There are 2 protein chains.
Amino acid sequence: MHEVLAAVLQVRDGQLQVLLWQRGIEPDAGRWALPGGRLGDSEDVQTSVLRQLAEKVDVREVAHVEQLQVFSAPDRMPQRRTVVTAFLGLVPCVADPVLPDDTAWHPVTDALQGSPPTAFDHGLIVRRARDRLRAKLSYTNLGFALAPPEFTISRLRELYAAALGHRVSATNLQRVLSRRGVLVPTGGTAAPGPSGGRPAALYRFAERGMRITDPFAVLRPPEPQHAPEGAVHLADPGAAP
Amino acid sequence: MHEVLAAVLQVRDGQLQVLLWQRGIEPDAGRWALPGGRLGDSEDVQTSVLRQLAEKVDVREVAHVEQLQVFSAPDRMPQRRTVVTAFLGLVPCVADPVLPDDTAWHPVTDALQGSPPTAFDHGLIVRRARDRLRAKLSYTNLGFALAPPEFTISRLRELYAAALGHRVSATNLQRVLSRRGVLVPTGGTAAPGPSGGRPAALYRFAERGMRITDPFAVLRPPEPQHAPEGAVHLADPGAAP
DNA sequence: TTAGTTTTCGCCTTATAATCGAAAACGTGA
DNA sequence: TCACGTTTTCGATTATAAGGCGAAAACTAA
């Protein structure tokens, strides 16, 4: 049997959290599992996981979904042999979907340490999801999927710090993203906090489509020569000795 | 039904090539397909694809295998609905496995342009495999899977150029890989070619395990402070003013 | 010995990230 | 209204790594 699962991640309360539901029946009753379910006959895996998220946990605000990996160990679940395609899902920090009673957000760090206990191999899937997110935050504009449509650099810095698990310099974040052209100022400013301070400028991401600015520019192809032959007059119109 | 497929790549004759077999029966009779087959009940997908490669095309010299992606469009194959887990496989350039009559190597570039015509969505899988290889060559030591155990920089440069599809500077390749610590001199030298020249030093890869030296060191965590508090005496045993 | 070939190494330039500190822009309270 | 604390923003500087170029090294063949 083939099923799909999603590790849906969101930054809440300054921590990266994952959406889990508590199993009511055996096997692994009482343990916490990722949302998902059986693959339908007339849908592909990504359509299926989005459908099931919408149906089961009312998550329609998923800003980004991507395939993580297939888990297929014959004994990964007792009883029936089940192959699963695992996904990473990201939800902006402003979203607060209504959840069923058996469903809740849990800090990823806690879940990876057994609190709450996770069902089957779902803990491993959560770890893969977190690692993938951390890697992609470094070299893509995947941050758009964690951030609101408009945000200040400070706000974005908090999101990155929560997701990456370490401190992040606002100055550096600002310029690294700007250089890549994924950060666009909207012109507006946010109101200062209660203790004053300079009002922060608002930004948005250039595109929501995982645009990557030359991924891993290492061992890149040689620069095309400016004008190997002919067309030289174009580059040199009226030069004087 | 679930099946596994592998795009097995190797550099031959200075070109990146892929292993294909010609289908004898409908559907898509006469077109060229990737090796693979049905997932067994007691094996995971990676075990399965390695088994089938060994059984069907006598490829036991696969140096590296990794999951690419699940392809699951309901209509990706006529007749029966089939979900496939696609793999990337890499074979060192020195290997020359015995192949069945219906099986042959084809340049990836040609296959992607319809020569020979590929079956089902296998052309798309080949493209994904090539792109993945190119990306990973930039920031991992995946080159070990294309290269012999020992090699010269010139030889490695040819392999990289063939796989990446553009010229590669031997000087730069040498230093980029050395800096990462994945290139280890063996001490030996290769015999000069028929037209003379300085004999080249032999190298090997440091590890065959996809060791990555700090992947994408962007937005990296701040350096740990030398000695924030306590334990200072350890770092400073018997210092005099 | 000389010419030709190939490899290897050092120096320089460029590109990008990280760090530091000062200036700008706002509230608050004397 | 005028210092003061706070937060944001920007410029200058440093650090690191990749890319390019040419000279020197090490060999073969005439």
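This is a predicted model, so every value here is computed, not measured. Protein chains get the first letters and strands the later ones, always in sequence-line order, with residue 1 at the start of each.
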Taking atom CG of L68(A) and atom CZ of R127(A), what is their separation to the nearest 0.5 Å? 13.5 Å
Taking CG from N172(A) and P from dG11(D), how many angstroms apart are they, rounded to a whole number? 16 Å
Taking 4.0 Å as the cut-off, does a side-chain nitrogen or oxygen of Q174(A) come that near to OP1 or OP2 on dC10(D)? yes
State whether S154(A) places a side-chain N or O below 4.0 Å from either non-bridging phosphate oxygen (OP1 or OP2) of dT8(D). yes
Do you know which two heavy atoms are closest between V45(B) and Q67(B), and how far apart they sit? CG2-NE2, 3.9 Å
Across the strands shown, which category fits A170(A) at heavy-atom distances under 4.0 angstrom: base, sugar-phosphate, nothing? nothing
Between CZ of R198(A) and C1' of dA24(C) the distance, given in whole Å, is 4 Å
Going by modelled atom types, is there a donor-acceptor pair between the base of dA17(D) and the side chain of R179(B) at under 3.5 Å? no
Once you round it to whole Å, what is the distance between C1' of dT7(C) and CG of L173(B)? 14 Å
Which of these nucleotides, dG11(D), dC11(C), dT7(D), is closest to any side-chain atom of R175(A)? dG11(D)
Return the value, rounded to whole Å, for the distance between atom CD1 of I153(A) and atom P of dT6(D). 22 Å
How many whole angstroms separate atom CG of L177(B) from atom P of dA17(D)? 14 Å
Over 60° means perpendicular and under 30° means parallel, so tell me whether F205(B) and F151(B) are parallel, tilted or perpendicular. tilted
What's the CG-P distance between L156(B) and dT8(C), to the nearest Å? 12 Å
For dA17(C) and R180(A) - does any side-chain N or O of the residue sit under 4.0 Å from the phosphate oxygens OP1/OP2? yes
Which residue lies toward the 5' end of DNA chain C, Y203(B) or S195(B), if each is placed at its nearest nucleotide? S195(B)
Rounded to whole Å, OH of Y139(B) lies from C1' of dT16(C) at a distance of 19 Å
To the nearest angstrom, how far is R155(B) atom CZ from dT8(C) atom C1'? 19 Å
Quick one: is dT9(D) close enough that its OP1 or OP2 comes under 4.0 Å of any side-chain N or O from T171(A)? no
Indicate yes or no for a side-chain donor-acceptor contact from R128(A) to the backbone of L88(A) under 3.5 Å, with no hydrogens or angles considered. no
For P92(B), does its backbone N or O pair with a side-chain atom of Q10(B) as donor and acceptor, under 3.5 Å? yes
